[in-house]
Amino acid sequence: TAANRPVLNITGPVSQTGYLIQLGVYGNANDANKIKAKLLMLGFSPSVALVPGGAYSVTLGPIVTQNGASMIVRKLRSQGFSQISVRYVG
């Protein structure tokens, strides 16, 4: 499904390790899905996951390189996203 696909191959390959871009944690699925819809319109394939405590996390990636993640973060900020965090997974 679209919710399970990684971010589009904008800056290089996607893998199981790399930089995970989180765009927020929301108290309900409806709010998380609104952000997901905005990201889909920008050409991304975000994931929404239920996290401990019953909140919903919206993420992209993981992105293989730090440079690739930085490019995506810049694009997201230019589109008005401000609550962005990036962490390395792997």
Provide the closest heavy-atom pair for Ser57 versus Gln22 in the form atom of the first, atom of the second, distance.
OG-NE2, 2.8 Å
Pick from Leu60, Val48, Val73: which one makes a side chain to side chain contact (heavy atoms under 4.5 Å, CB included) with Leu23?
Leu60
Do Ile35 and Ile21 belong together in a cluster built from hydrophobic side chains that touch within less than 4.5 Å?
yes
Do you reckon Val25 sits in the same ILVMFWY cluster as Ile84, going by side-chain contacts under 4.5 Å, direct or chained?
no
Yes or no on side chain to side chain contact (heavy atoms under 4.5 Å, CB included) for Tyr26 and Lys34, after CA distance, side-chain angles and deciding distance?
CA-CA 10 Å; Tyr26 301 89; Lys34 287 178 185 177; over 6 Å; no
Residue pair Lys75 / Leu42: nearest heavy atoms and the distance that separates them
NZ-O, 3.3 Å
Pro62 and Leu20 have their tightest heavy-atom pair at N-CD1, 4.1 Å
Any heavy-atom pair between the side chains of Thr17 and Tyr88 that's under 4.5 Å?
yes
Correct closest heavy-atom pair for Pro46 and Val58 would be CB-CG1, 4.3 Å
Which heavy atom of Ala69 sits nearest a heavy atom of Val86, and at what distance?
CB-CG1, 4.5 Å
With the side chain counted from C-beta on, respond yes when Ile72 and Tyr19 share a heavy-atom pair under 4.5 Å apart, and no when they do not.
no
Shortest non-hydrogen pair, Ala32 vs Tyr56, comes out as CB-CB, 3.7 Å
